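For reference, the structure discussed in these notes is given below.
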Amino acid sequence: MSNVLVYAEIREGVFKGINAELITAAQSLAKETGGEVQLALVGSDVDAHVGEAQRFDLVRVFVAKHSELAHYSSQGHAMALEAIIERGKPKFVLFGATAMGKDLSARVAAKVGASLFTDCTEVGLKDGNLKVIRPVYSGKVYMETVSKAAIQMCSIRPNIYPPAERRSSSAEVVEIPVALSADAIKGRVTETIKATTGGKDVTESEVIVAGGRALKSGENFAILQKLADVIGGTVGSSRAAVDAGYVPHSTQIGQTGKVVNPKLYFAVGISGAIQHLVGMRTSKVIVAVNKDENAPIFQKADYGIVGDLFEVVPLLTEEFKAMLGK
Amino acid sequence: MKLVALIKNVPDTEAKIKINADGTDIETQGIKFVMNPYDEYAVEQALLIKEQLKDGSTVTVVSLGPDRVMESLRTALAMGADEAIHVSDPAFEGGDSQGNARVLAEVLKPVAPDLVFCGKQGIDFDAAQTPPAVAEYLGLSQALIAVEFKLGGDGKTATVKRRVEGGDEIVTLTLPALVSCEKGLNEPRYASLPGIMKAKKKEIKKIALSSIGLGAGRVGKSAAQSHGQKFHPLPERPPVKMIAGEPKEQAKELVRLLRAEAKII
Ligand SMILES: Cc1cc2nc3c(=O)[nH]c(=O)nc-3n(C[C@H](O)[C@H](O)[C@H](O)COP(=O)(O)OP(=O)(O)OC[C@H]3O[C@@H](n4cnc5c(N)ncnc54)[C@H](O)[C@@H]3O)c2cc1C
Ligand SMILES: Nc1ncnc2c1ncn2[C@@H]1O[C@H](COP(=O)(O)O)[C@@H](O)[C@H]1O
């Protein structure tokens, strides 16, 4: 009977998509241990999200509210989550491997003496303990490890688990009082700046259309954007495209950019340098479009087209449009 | 102001990672270890603040690990750090991130830093776990993945811009605080020749288990909270399917395969 607690990420008033994926992982752990799936909602006006939380198959929703938690703060949110853990007594606590999840999880783990595995791509159980797989050495190899702590935490990468089904449940809502004074919080988020590119972040996207140096200009990235729009994707890039000033660093994928794990990844005019591959090679399906048949990217791709991107990509966009009836 | 940079030794980014025969570790033989690239930004940021303040502020660099970390500590001294601490004891070996963070926090207590800079993550285990744990153990405020850092005019606060999904966040901190550094925060300097010569003569202070307030059971392997570590190679992808034909046919065929075969669209 080991309970599984999911920390629900709420940013800018939005109940993030990763939460439904974490619930799926939690449900599969709870099924094996016979424990309950719990959700932690932390913030100031999180009541607005209780209804959303109750649409999932959960046993309990813990709500920790405080006016001091209106803006994210590592210290404040960690204290609130600690109070929830004391009450819910989970053996497992799951976070998204997101900026917020990584900020909070290690703090809370240190607070409650839990073990923590970050950035996992697979979670399961071994003899009732958390067993995970996580990429290490910039994704060059995978490491498997098993916890032996009393409380076992992990953060899970986006797009690993399918979102949990929504059907109204009768999850009990439990309010957890948090004692917080303003001076217990020494740092907080005071402003959020949206990226000018708009849309989803590459790490949150299930489909990525990434372009490299071959795009030749920032304007030409519109060709990729059109394809992305048709198939519900986000535009990504190689470092060469960022260094040339075509697109902002926030779109860069690879060792010094972001690590992504979409269902479908288009590498368009990208040669496939190792530093780029480590950021995208766990993608489920990889399509490469390159005019050089010997480009290394073809060795990592599932489907390859040798051709001029300026010709091939617009044709692809048309074909997808036709198929999707757009 | 007391400025600290925490540095770690990791395999060079170009290193070929090979798994050992029984899969329990990687082969370290022949691997070149360097200062974690993100820690260079941490050292640089501490030096920039010291130079900005010109008030006798000092930069202390600290590393926990085997003797090879001394090379990275020397590099940091050559860049301009005032003092280096090598946290070293057989008892610390085999520690996990949290155990190491607990030790580092104990080492930092008497230093009483105003600002601790770390790398965003170690490019070995990509854990990104030590910095927030150190912050928690020392009761510091934190801002991770910093791309901009501004010290408040009063020297008691700082504003940090950090990278998050879909944009940036501004975090306002009251010191003492911990900041983990992302590429773009600054341009780490190269050590100058006089700097290297001076660094050679500087003493690297050693701190062992006996000089911190933790029992042997709270550090290293005996405090590690995981076991059964096993390394796996990446799964091989099936060979690529090259799509031939005229561009129009290629596009049509790819879209068909993504639906009919890969079942992704
Ligand atoms: C420490 C370090 C960290 C790094 N981090 C990253 C990182 O995070 N991310 C990253 O991406 N890189 C990173 N790099 C850089 C990496 O090594 C490569 O230089 C970079 O990925 C190359 O980008 P590219 O593929 O766009 O450009 P190129 O290598 O120049 O490739 C362009 C490709 O486009 C093809 N092409 C040209 N014209 C056309 C056309 N009309 N139609 C179709 N194809 C065309 C060419 O055949 C070629 O294969 C890093 C390097 C170092 C040393
Ligand atoms: N053994 C160590 N000694 C000193 N600093 C460390 C050590 N391990 C981690 N750090 C710091 O914490 C950062 C993140 O490391 P990690 O948590 O291992 O990903 C590093 O970039 C260092 O700044």
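Naming: A, B, ... by sequence-line order, numbering from 1 per chain. Small disclaimer: the values here were computed from a predicted structure and weren't measured.
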Working for side chain to side chain contact (heavy atoms under 4.5 Å, CB included), residues A:Glu144 and B:His232: CA-CA 8 Å; A:Glu144 173 187 318; B:His232 303 285; 2.7 Å; yes
Looking at [X] and [Y], what are the two nearest heavy atoms and their distance?
{"X": "A:Glu311", "Y": "B:Pro247", "value": "OE2-CG, 3.3 Å"}
{"X": "A:Leu116", "Y": "B:Gln98", "value": "N-NE2, 3.9 Å"}
{"X": "B:Ala262", "Y": "A:Val285", "value": "CB-CG2, 4.1 Å"}

CD on B:Gln225 to CG on A:Asn129, rounded to 0.5 Å: 11.5 Å
Nearest-0.5 Å distance that lies between atom CD in B:Glu169 and atom CD in A:Glu191: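 The distance works out to 10.5 Å.
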Any donor-acceptor N or O pair under 3.5 Å, side chains B:Thr172, A:Thr190: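 The answer is yes; a qualifying pair exists.
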Less than 4.5 Å apart, any side-chain heavy atom of [X] and any of [Y]?
{"X": "B:Arg237", "Y": "A:Ile286", "answer": "yes"}
{"X": "B:Leu234", "Y": "A:Val141", "answer": "no"}
{"X": "A:Asp302", "Y": "B:Val240", "answer": "no"}
{"X": "B:Arg162", "Y": "A:Asp103", "answer": "yes"}
{"X": "B:Phe125", "Y": "A:Thr118", "answer": "no"}
{"X": "A:Val289", "Y": "B:Leu254", "answer": "no"}
{"X": "B:Leu140", "Y": "A:Lys186", "answer": "no"}
{"X": "B:Lys230", "Y": "A:Met143", "answer": "no"}

Side chain to side chain contact (heavy atoms under 4.5 Å, CB included) between A:Gln75 and B:Glu136, intermediate numbers included: CA-CA 8 Å; A:Gln75 289 161 309; B:Glu136 174 61 30; 5.6 Å; no
Between [X] and chain B, which part of the residue has a heavy atom less than 4.5 Å away: side chain, backbone, both or neither?
{"X": "A:Thr203", "answer": "side chain"}
{"X": "A:Ile274", "answer": "neither"}
{"X": "A:Ile231", "answer": "side chain"}
{"X": "A:Thr282", "answer": "backbone"}

Chi angles and distances behind the side chain to side chain donor-acceptor pair (under 3.5 Å) call for B:Glu261, A:Tyr303: CA-CA 11 Å; B:Glu261 190 178 81; A:Tyr303 299 104; 2.5 Å; yes
Under 4.5 Å from any heavy atom of chain A - which part of [X]:
{"X": "B:Lys18", "value": "neither"}
{"X": "B:Ile123", "value": "both"}
{"X": "B:Glu14", "value": "both"}

Qualifying residue for side-chain hydrogen bond (donor to acceptor under 3.5 Å, both in side chains) with A:Glu319, from B:Gln250, B:Arg256, B:Lys248: B:Lys248
Heavy-atom donor-acceptor pair, B:Asp124 side chain to A:Tyr137 backbone, under 3.5 Å: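 Checked: no pair found.
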Matching residue for B:Glu165 among A:Arg11, A:Lys200, A:Lys16, A:Lys102 - test: salt bridge (charged side-chain N to carboxylate O under 4.0 Å, His left out): A:Arg11
